[in-house]
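Start at 1 and go down the list; that is how both ligands and their atoms are numbered.
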Amino acid sequence: MVDSTHFYRAFQPDHYDIFLTIDRQKKLFSGQTQISGQARSQAISIHAKFLTIKSVRSDDDQALPFELDSKNDAIRIHLAKTGAVTFQIDYEAKLTDSMMGIYPSYYELDGVKKQIIGTQFETTFARQAFPCVDEPEAKATFDLAIKFDEQAGETILANMPESRFENGVHYFQRTVRMSTYLIAFAFGDLQSKLTTTKSGVQIGVFATKAHKAKELDFALDIAKRSIEFYEDFYQTPYPLAHSWQLALPDFSAGAMENWGLVTYREAYLLLDPDNTALTRKQLVATVVAHELAHQWFGDLVTMKWWDDLWLNESFANMMEYVAVNALEPKWDIWQTFQASEVPAALQRDATDGVQSVHVNVEDPAEIDSLFDGAIVYAKGARMLVMVRAMIGDAALRKGLKAYFAAHKYANATGADLWSALGDASQIDVGSVMNSWLEQPGYPVVEASVIDGQLTISQQQFFIGAGKEIGRQWQIPLNANYAQAPSLLTEKSSQLGDYAQLRAENKLPFRLNVGNDSHFIVKYDETLLADILKNVTELDAISQLQILQDLRLLAEGQEISYAEIVPLLSRFSQSRFAVVNMALFVIANNLKKFVEPDSLEEKQLRQLFDRLSSSQVVRLGWSSATDESIDDQLTRPYVLSASLFAKNPNTIKGAHDLFEKNRQQLSSLSADIRLFVLRNEIQNFSDPDLFKQLLEDYRQSSDGSYKADLTAALTATTDPVLIKLLIDKFEDADTIKPQDLRAWFRGVLANDKGQQAAWDWIRQDWQWLEETVGGDMEFTTFITVIAIIFKTAQRLSEFKAFFEPKINVAGLTREITMDTRVIENRVALVEKEHAAVNQAVSQQIN
Ligand SMILES: [Zn+2]
């Protein structure tokens with residue numbers, strides 16, 4: 001039988017000579033790829049996809065017989081001998097707009113349409129550019145040469161520096177040993193900013209000339225300092241001569257860690273340093289730090305097979321916070337981790353049927369569908385945060401240094417990392433982590449006083465129906481009473497006489513202090529009341545955690561949302577941004593219990609006004625010069641709440657700002673610009689303004705302004721304008737396919753637009769599949785529907801549409817999970833809406 005995966009077993013490549021000729025005008029390219037390596041068998045397989053193979057010849061110029069097996073992306077080649085072999089494959093292919101393989105990115109400069117050619121090879125798209133053993137383990141060196149329809153002033157970039165330019169051909173230095181999915185190149189009319197690290201690594205940021213030069217500065221500084229940080233933290237030098245960061249106008253994922261040539265979505269790299277919200281700066285900084293963490297962890301040492309891809313991503317996801325916390329300590333970026341990644345992981349991981357972090361996978365095509373961000377990135381990162389808390393930074397750094405030294409330019413597995421960290425820390429990291437990585441879900445730990453005894457017990461936590469099968473975890477408890485064990489390895493444990501423990505410890509009993517372990521806590525009435533008595537005196541993370549856990553318990557119907565509603569007002573004066581965030585996450589979750597334009601909705605708006613009004617008065621619309629970061633980050637939450645509440649002063653304040661800045665809306669302060677624009681669209685809109693803002697969107701190259709415009713325009717309540725918007729969904733000159741999901745989500749979340757957006761996606765599903773199908777972002781269109789739908793009617797429509805697609809490759813898991821997510825929400829709303837609305841009405845009277 002022919003092996004359909006692991007081509008590496010029969011043939012191990014050592015070196016590739018790749019020559020590409022690319023014609024942008026004709027959207028064609030041709031290539032000659034010479035591959036040398038060790039053949040274990042005369043019958044070998046090489047990956048190729050969408051390539052028209054012209055010939056396969058041995059190094060003595062003999063034609064080698066081959067067959068194409070397009071189902072397995074394979075060229076089956078019959079060699080004349082085994083052992084050391086060299087052969088050459090000649091081929092042609094098309095450039096397509098799929099954002100995979102070699103592809104064009106489109107943009108406009110001074111009204112002229114232009115393009116940048118770039119690449120995206122992860123997971124398995126290198127095979128669309130050149131024949132190769134396209135598996136992470138098949139590391140080799142690469143000589144790359146590229147010729148293209150070049151015009152004066154154009155720039156070409158690749159993993160390595162250019163070594164020579166001859167007869168119109170750019171030759172690049174031989175790469176170090178690396179995996180195919182990390183190869184990259186790009187060319188076009190680019191601008192750049194360059195600098196050098198302390199150790200002499202050249203750092204560069206590249207973008208189209210549609211951007212202002214100053215938009216490159218922020219990323220350049222972060223990239224330089226990140227490389228310096230990692231060289232120190234990992235105690236391992238950056239292995240290449242340069243680290244280029246390139247913004248591509250069309251980009252499917254957020255960014256890609258190609259070795260030495262990292263590619264980014266424009267909005268995740270470029271920003272106007274003079275007018276960008278702090279949250280956006282933090283986002284760009286963490287994305288850059290994430291990709292640069294991969295230059296070692298992922299690129300220098302690579303997973304052996306795709307089943308350990310989670311390890312790459314989880315690790316980089318943790319390190320982005322470790323690095324940014326070191327580069328910008330004032331930001332307290334771990335709070336952002338607690339406020340964004342942690343709830344994402346806890347929410348998704350509580351749905352029965354969720355995957356475990358580590359999943360055995362043979363077929364790389366499956367990897368894309370397993371690439372669940374909330375699990376692979378967020379939960380995985382949390383697992384590593386747990387490890388870091390367990391072993392400490394000194395052991396982490398020592399272990400990593402040994403890990404890089406042992407596996408550099410080669411591959412490793414999760415077990416290799418655990419053993420390196422275990423050796424460094426003398427803690428059996430692997431056995432603790434196994435219960436977390438191989439099992440889906442997580443526990444709720446119940447803390448109760450039973451017959452006077454303080455008792456804790458664990459069981460799996462579910463949001464919605466879940467099958468209890470007795471899963472248990474080794475839980476780092478981080479309790480604030482020394483009498484609690486450091487690790488709960490049993491189903492339950494008794495800590496002793498509660499009254500005595502309480503007297504000795506002199507403070508309320510709490511678990512998971514610092515919120516670094518992946519579990520939630522359900523305190524009984526006595527213990528919760530004790531905590532809540534002085535809850536606003538606790539640190540920010542503790543307050544956030546208490547609110548988050550209560551919300552999850554309510555989602556899981558372990559308690560009622562009606563019990564949380566009366567608690568909200570005591571947090572509404574908080575000066576901590578993350579507490580305000582957690583507060584309004586709960587408040588926004590109450591929206592699912594009310595019908596549009598109902599009395600209940602009106603009462604909920606009044607509750608929002610109570611929760612936000614004094615903070616709005618305190619903070620106003622513009623930052624004070626010496627304002628705290630917490631205040632800066634709180635302002636958007638309270639303004640948003642106040643506008644939902646239809647507070648007349650806030651509406652007027654926004655409208656006045658709009659009038660004052662009408663001629664230069666993009667220069668409105670980025671912290672509050674969205675609210676001004678959305679207020680105008682919702683409360684003062686006319687079709688001319690709407691069309692003007694849509695045209696602004698088309699012309700602007702400022703990612704954060706464009707995001708604000710998306711959120712504002714999709715909030716229109718005018719059915720004519722909603723139709724106009726939906727007509728633009730398939731017009732790539734206005735809305736790029738990479739940005740479409742945000743537009744779709746915005747209209748779908750809008751009560752007045754939902755029907756039209758839902759009709760659109762069902763009618764034009766095939767168009768969507770052809771346009772953005774095939775990569776790992778595609779299924780997130782289903783995810784966003786499941787985030788929004790809450791009625792039995794929509795649930796049955798969702799099922800009617802998606803159930804027939806349940807066997808479509810790559811969609812099965814998402815459709816199954818999302819059906820459950822909507823079912824859970826519909827059941828929760830049916831069961832609770834009366835009690836919740838009653839609780840809201842009591843709060844406002
Ligand atoms: Zn990554």
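Around the Zn ion (ligand 1), the protein contributes the following N, O or S atoms at distances under 2.8 Å: H290 NE2, H294 NE2, E313 OE1.
With respect to E231 and K224, no salt bridge is recorded, no charged nitrogen being found less than 4.0 Å from a carboxylate O. Between D739 and R745, none of the side-chain N atoms (NZ, or NE/NH1/NH2) sits under 4.0 Å from a carboxylate O, so this pair counts as no salt bridge.
The only option from Y377, F337, W331 that meets the ring pair (Phe, Tyr, Trp, His ring centres under 6.0 Å) definition with Y321 turns out to be F337.
Between W436 and W473, the ring planes lie tilted relative to each other; the angle falls in the 30° to 60° range.
F229 is linked by a ring-ring contact (aromatic ring centres under 6.0 Å, His included) to F233, counting only residues two or more places apart in sequence or in another chain.
In this structure, W244 has its ring center at least 6.0 angstrom away from the ring center of F185.
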